[in-house]
Amino acid sequence: MPTTYLHLVRHAQGHHNLCAANHTLPDPSLTTLGEQQCQALSQTFPDPQRITHLVASPLRRTLYTCLLSFPAAVASGKKVLALPELQETSDLPCDTGSSPSKLHEEFDGKGQVDLSRVHEGWNSKTGRWAANAAATEARARVARLFLRTLGSQSVTSTGEDQHIVVVTHGGYLHYFTEDWDGHEKFTGTGWANTEVRSYEFVPGSEDASLVETRQSREARRGSEIPLTADEQRELRAMAEKGWADNGFQTPKEVEDQVEAKL
C-alpha cells in the first residue's frame, strides 16, 4: 500500500535568529549563512527526485528556504504551496507574515509560489491565527488534516508513495508533531535551522497525528526509548511557560481571560 511521508524542515537562519533585538524585524528573510544552509541541504537531502509536493509557511524565510533547498523540484515545475496554518506561534514582528499583496509582489514574478490559500487577515494574529497555545494547536491539526488529504488523494491518483516537504518554524513544529522532546535545545525550539525529520500519519487518527519514521528517529536519537504521553505533557507545559515568560506566546492566564470575555 503506498504511503504518504512528510519531510519536515525548520527554516534556515533568518536575521531574527542573530539576536533578540532582531525580533522586532518584520517578516525577515535569510542571512547569508541561511542561504548557505539551504545550499547544503540541497546537496544532502536524500533522493530529492522522490519529492512530490513542496509546502511552506507563507513567511518569507520559510518560502525562501523551500525554494533554495529544493531547486531540482522547483525546476521540475513543482510550486511551493504557501499554507497559512504553518505560520509561527508568536505575534512578534519577526513571526508575523507580510500582507498578501506584498507576497504577491515579491513572489509572483517567477511563478514558483502558489499563494492561493493566503488571504487577507492571515497575518492578523487574532482569532484562529492568534499567538496562543489553543489556536496554534488547532492550526496544526488543520494543517495535518489538509496534508493527509493531499497525500491520500495523490496516492489514489498515482498509486505511488507521496513525499511531501513541509518547511515551517521551530516553535510550531512541536505542536505539529506533538513531540516536545528537546524543546529547550535552541531558542524556542528543539529543531536546528534546516533540520529535517521524516514522519508518517498514524493510521485512523482523527487528528491526523504523526509518528516519526524509524530511520529518522534512530538517526537522531539512536535506540533511545520515546517519551511517554505524560512526559510529553510535562515538557509541553514547561515549554509553553518558558515561551510565555520570554514573550514568544500569549500567557495561559491571559488566554483564559480573553476566552472568559467572549
Side-chain angles (χ1 to χ4, degrees), residues 1-11 45-59 62-63 65-66 69-70 73-74 76-89 113-119 122 128-129 133-181 189-191 195-217 220 226-227 229 232-233 236:
M1 179 69 180
T3 301
T4 295
Y5 296 94
L6 298 187
H7 304 288
L8 307 184
V9 184
R10 184 192 174 199
H11 62 79
F45 186 85
D47 301 324
Q49 71 277 1
R50 65 183 174 163
I51 295 172
T52 57
H53 302 79
L54 297 172
V55 184
S57 158
L59 274 81
T62 38
L63 291 174
T65 296
C66 200
S69 299
F70 305 99
V74 173
S76 73
K78 293 179 177 64
K79 286 190 175 184
V80 177
L81 176 63
L83 190 63
E85 285 80 6
L86 296 174
Q87 66 181 277
E88 184 58 299
T89 61
V113 177
D114 179 355
L115 294 167
S116 62
R117 301 184 68 87
V118 182
H119 305 297
W122 82 276
R128 63 180 295 201
W129 310 114
T136 305
E137 185 174 30
R139 288 198 301 273
R141 180 178 185 272
V142 169
R144 291 194 303 269
L145 290 168
F146 171 82
L147 292 165
R148 184 173 68 179
T149 299
L150 177 66
S152 63
Q153 290 176 342
S154 297
V155 163
T156 299
S157 63
T158 66
E160 299 176 349
D161 288 345
Q162 299 299 297
H163 292 269
I164 304 175
V165 168
V166 180
V167 182
T168 182
H169 306 268
Y172 177 87
L173 277 161
H174 290 290
Y175 287 98
F176 190 79
T177 62
E178 301 173 291
D179 183 2
W180 298 83
D181 192 11
T189 184
W191 291 64
E195 180 176 348
V196 182
R197 303 180 194 177
S198 299
Y199 293 79
E200 299 176 46
F201 288 101
V202 175
S205 170
E206 292 184 358
D207 296 323
S209 292
L210 303 173
V211 59
E212 190 172 5
T213 66
R214 176 181 293 182
Q215 182 179 11
S216 176
R217 179 166 178 82
R220 340 184 264 115
L227 299 177
Q232 290 283 8
R233 280 191 289 270
R236 173 176 173 171

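Heads up: numbering here begins at 1 and tracks the sequence.
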Which heavy atom of [X] sits nearest to which heavy atom of [Y], and what is that distance?
{"X": "Cys66", "Y": "Val55", "result": "SG-O, 4.4 Å"}
{"X": "Ser69", "Y": "Thr65", "result": "OG-O, 2.7 Å"}
{"X": "Glu88", "Y": "Gly171", "result": "OE2-N, 3.2 Å"}

Taking side chain to side chain contact (heavy atoms under 4.5 Å, CB included) as the test, write out the residues that go with [X], two or more places apart.
{"X": "Thr177", "answer": "Leu8, Asp179, Trp191, Tyr199"}
{"X": "Arg117", "answer": "Leu81, Leu83, Pro84, Phe146"}
{"X": "Val155", "answer": "Pro2, Thr4, Gln162"}

List the residues meeting side chain to side chain donor-acceptor pair (under 3.5 Å) with [X], not counting sequence neighbours, and say none if there are none.
{"X": "Ser116", "value": "Asp114"}
{"X": "His7", "value": "His163, Ser198"}
{"X": "Gln87", "value": "Lys125"}
{"X": "Ser76", "value": "Lys78"}

Validation row: [X], [Y] side chains within 4.5 angstrom (heavy atoms):
{"X": "Leu86", "Y": "Thr62", "value": "no"}
{"X": "Leu63", "Y": "Val80", "value": "yes"}
{"X": "Leu54", "Y": "Phe70", "value": "yes"}

- May I have all residue pairs that pass salt bridge (Lys or Arg N to Asp or Glu O under 4.0 Å) and include part of residues 197-212, sequence neighbours excluded?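 Qualifying pairs, neighbours excluded: Arg141-Asp207, Glu195-Arg197, Glu212-Arg220.
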- Please, which pairs that meet salt bridge (Lys or Arg N to Asp or Glu O under 4.0 Å) have at least one residue in residues 147-175, sequence neighbours excluded?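 Passing the test, one end in residues 147-175: no pairs.
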- Item | Residues which pass salt bridge (Lys or Arg N to Asp or Glu O under 4.0 Å) with Arg233, listed by chain and number, not counting sequence neighbours |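 If we apply the salt bridge (Lys or Arg N to Asp or Glu O under 4.0 Å) test to Arg233, skipping adjacent residues, the hits are Asp230.
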- Item | With Glu85 via salt bridge (Lys or Arg N to Asp or Glu O under 4.0 Å) - residues at least two apart |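 Per chain and number, Glu85 pairs via salt bridge (Lys or Arg N to Asp or Glu O under 4.0 Å) with Arg128.
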From [atom1] ([X]) to [atom2] ([Y]), nearest 0.5 Å:
{"X": "Tyr172", "Y": "Glu137", "atom1": "OH", "atom2": "CD", "result": "11.0 Å"}
{"X": "Thr189", "Y": "Arg10", "atom1": "OG1", "atom2": "CZ", "result": "5.5 Å"}
{"X": "Arg144", "Y": "Ser205", "atom1": "CZ", "atom2": "OG", "result": "7.0 Å"}

- Other residues, nucleotides, ligands: >12 heavy atoms within 6.0 Å of Gln215 CD: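 Counting other residues, nucleotides and ligands, CD of Gln215 stays at 12 neighbours or fewer.
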- Message: Under the rule for ring-ring contact (aromatic ring centres under 6.0 Å, His included), what residues qualify as partners of Trp180, not counting sequence neighbours?
- Response: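 Result, ring-ring contact (aromatic ring centres under 6.0 Å, His included) vs Trp180: His174, Tyr175, Trp243.
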